[in-house]
Q: 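Have a look at the structure that comes next, please.
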Protein chains: 2
Amino acid sequence: MSASKRDELVQKALKAFYRGGFHAMGMDALAKETGVSKTAMYKHFRTKEDLILAVLRLRDEQFRNWLIRRVEALAESPRGRLLAVFDALGEWFAEPEYRSCMFIKASSEYQDRAHPIHSAAAEHKRLLLGYFEKLAREAGAKEPEELSRRILLIKEGAIVMAHLGDREAVAKSARGAAEDILAAAL
Amino acid sequence: MSASKRDELVQKALKAFYRGGFHAMGMDALAKETGVSKTAMYKHFRTKEDLILAVLRLRDEQFRNWLIRRVEALAESPRGRLLAVFDALGEWFAEPEYRSCMFIKASSEYQDRAHPIHSAAAEHKRLLLGYFEKLAREAGAKEPEELSRRILLIKEGAIVMAHLGDREAVAKSARGAAEDILAAAL
DNA sequence: TTCCTAGTTTACCGATCGGTATAGGAGAAC
DNA sequence: GTTCTCCTATACCGATCGGTAAACTAGGAA
């Protein structure tokens with residue numbers, strides 16, 4: 001089992017599902033887009049669902065690594081980093097390929113809370129919340145748990161609205177909202 | 001063309017699409033769920049897309065009417081009403097049938113900004129923004145446009161997170177975040 | 001050389017997709 | 001009673017769905 005080919009498939013499938021949606025992207029179309037034959041895909045993954053779960057695992061790792069790296073490059077203090085989250089988001093929104101959050105879309109298409117895909121989406125948000133909570137604690141917040149929930153709320157709202165409206169204005173408003181919330185919480 | 005039968009179809013289709021998703025809910029399954037024959041459905045709507053657009057029009061009207069009615073019942077002052085938005089949301093989240101926002105899901109499945117379904121979702125958010133802006137203006141906000149954007153941001157974030165995590169905690173945090181933002185904006 | 005592995009192409013499976021055609025039934029209007 | 005409207009049920013269309021079977025090829029190891 002060539003691990004590199006498998007990873008290549010997951011990476012290309014990630015892009016394809018991100019652009020096309022999970023139900024709308026069929027396995028035949030996926031084979032054509034990735035350049036990997038259907039037979040090979042089913043050698044690596046028993047079902048489409050398994051492939052999607054692998055895609056989500058990759059995306060979770062990819063996104064959180066990117067966000068943390070970016071935030072740490074943009075600001076030094078914990079407080080500055082909580083705000084830098086929204087500068088990083090602004091950069092993401094400015095990419096022409098931006099199409100909302102893969103996990104929000106996954107939970108939209110697989111709504112049952114018991115479904116593994118829905119759970120994977122929830123887990124991603126939980127991990128993000130953990131990072132924000134760490135920053136909030138370092139920043140000396142009175143209630144770091146509550147502050148991190150509010151930061152996450154604004155982040156998710158920004159992602160949704162950036163997909164539907166003026167992306168630049170959304171990033172700015174989100175940062176402004178975060179400033180107000182930080183001012184009240186520290 | 002019996003208008004009442006048509007409306008009945010749209011109402012039942014709304015529930016079916018809300019539970020099942022747009023791509024996942026096929027026209028045969030829809031006929032079974034609504035009790036309306038496929039032939040009759042295609043007498044009223046030329047395509048599935050047309051039916052979905054009618055569903056979204058109904059949902060927009062339904063949701064905004066409900067929200068405005070609820071907000072006006074919960075508080076008298078414009079400031080209080082901006083906060084009551086999140087009490088109303090909390091009531092919505094508590095319903096067992098709650099499954100996120102139909103328009104967020106629509107824009108997740110139809111991502112192209114030029115697609116009529118995506119546009120309908122964007123329009124719904126624009127109308128909500130208008131309502132919040134009116135309240136912000138009445139409340140005497142320095143920048144009502146900016147304040148309304150921030151309120152909408154928190155509302156959308158709350159809807160997403162309520163779909164993925166602890167709904168009660170989300171509603172509370174959203175209200176708290178809105179309080180901070182109102183305090184800074186008025 | 002021989003064998004195994006990892007991948008390919010092509011074709012196929014039953015089911016479902018969105019959409020249509022046909023025939024007929026129930027009820028109101030004339 | 002007849003016609004028109006609105007609906008039904010059933011069957012069908014070609015295309016695509018997720019998934020599988022079979023035969024083949026290229027490369028590396030024994």
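This one's a predicted model, so the numbers in the text were calculated from it and none came from an experiment. The basis for the numbers below is simple: all heavy atoms, side chains too, and nothing from hydrogens, waters or symmetry mates.
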Q: Is it true that A:S173 and B:E146 share a donor-acceptor pair across their side chains at a distance under 3.5 Å?
A: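 Distance-only check passes for B:E146 and A:S173.
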Q: Rounding to a whole Å, what distance do you find between B:F45:CZ and C:dG19:P?
A: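 Roughly 13 Å, once rounded to whole Å.
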Q: If you pin B:G35 and A:R46 to their nearest nucleotides in DNA chain D, which one's is more 5'?
A: B:G35
Q: Kindly state whether the ring of B:H23 and the ring of A:F22 have centres lying under 6.0 angstrom apart.
A: no
Q: Contact list please: residues 14-33 of chain A against DNA chain C, heavy atoms, distance less than 4.0 Å, in numerical order.
A: none
Q: Whether A:D28 and A:K32 form a salt bridge (side-chain N of Lys/Arg under 4.0 Å from carboxylate O of Asp/Glu) is what I want to check.
A: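 Not counted as a salt bridge, because no side-chain N and carboxylate O are separated by less than 4.0 Å.
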Q: How about B:L153 and B:R149: do any of their side-chain heavy atoms sit closer than 4.5 Å?
A: no
Q: Per the side-chain contact (heavy atoms from CB on, under 4.5 Å) rule, which among B:V55, B:D50, B:L53 passes with B:F45?
A: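 In the set B:V55, B:D50, B:L53, the residue that makes a side-chain contact (heavy atoms from CB on, under 4.5 Å) with B:F45 is B:D50.
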Q: Flag the pair B:E156 and B:K125 as a salt bridge only when some basic side-chain nitrogen lies within less than 4.0 angstrom of an acidic carboxylate oxygen.
A: yes
Q: Tell me which residues in residues 36-43 of chain B lie within less than 4.0 Å of DNA chain D, going by non-hydrogen atoms.
A: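 Hits under 4.0 Å, by residue number: B:V36, B:S37, B:T39, B:A40.
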Q: With B:K105 as the cation and B:Y18 as the aromatic partner, state whether NZ or CZ is under 6.0 Å from the six-membered ring centre and within 45° of the axis.
A: yes
Q: With rounding to the nearest 0.5 angstrom, report the CZ to NZ distance, B:R99 to B:K15.
A: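 Separation between the atoms: 12.5 Å.
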